[in-house]
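Please read through the structure below; I'll follow up with questions.
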Amino acid sequence: MAKLTDERIQELLETRQGWTRKDGKWLVKKFRFPLYMKGIEFVQQTAMTAEALNHHPMIAIEYKVVTISVTTWSEGGITALDFELIDRCDKLHGSMCGSD
Ligand SMILES: C[C@H](O)[C@H](O)[C@H]1CNC2=NC(N)=NC(=O)C2=N1
């Protein structure tokens, strides 16, 4: 799974909401929830998705805000797998809280 070019990453980010590129190699988004336990449910579902993809995010839980950070460790940058994972995170959040 090769690293994507800067141009391709920019292009893909333009059609997604709320994701930012950090330190060049991370895609990061904060997901907000109405209830703390909704955020925990999102974490659980995200973890199962990560296991299914064998592609794992960093997950930070700050009360009702869950921050997802994604990169492809083995490539040292951003690949198509990262976009697959973030799209599934957005779908999951949308199904739980209405689309962003
Ligand atoms: C051995 C295992 O398949 C690898 O370590 C997987 C696990 N999950 C992963 N997750 C992410 N984000 N990047 C990887 O390179 C990666 N590699």
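As the structure lists them, so they are numbered: ligands from 1, and atoms in each ligand from 1.
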Arg32 backbone acceptor or donor facing His93 side chain under 3.5 Å: yes
Residue, atom name and distance, where the atom is the protein heavy atom closest to atom 13 (N) of ligand 1: Trp73 N, 3.1 Å
Nearest-neighbour protein heavy atom for atom 15 (O) of ligand 1, which is reported as residue plus atom name and distance: Ser74 N, 3.0 Å
Lys29 (side chain) donor-acceptor with Gln17 (main chain) under 3.5 angstrom: yes
Nearest protein heavy atom with distance in Å, relative to atom 8 (N) of ligand 1: His56 ND1, 2.8 Å
Any N/O pair Thr71/ligand 1 closer than 3.5 Å: yes
Atom 1 (C) of ligand 1 touched by protein heavy atom at under 4.0 Å: no
From Leu85, Asp82, Leu4, residue fulfilling side chain to side chain contact (heavy atoms under 4.5 Å, CB included) relative to Thr72: Asp82
Check: Ser69 side chain, Met58 main-chain N or O, donor-acceptor pair, under 3.5 Å: no
Parallel, tilted or perpendicular: ring planes of Phe33 versus Phe42, cut at 30 and 60 degrees: tilted
Minimum-distance protein heavy atom relative to atom 3 (O) of ligand 1: Asn54 ND2, 2.6 Å
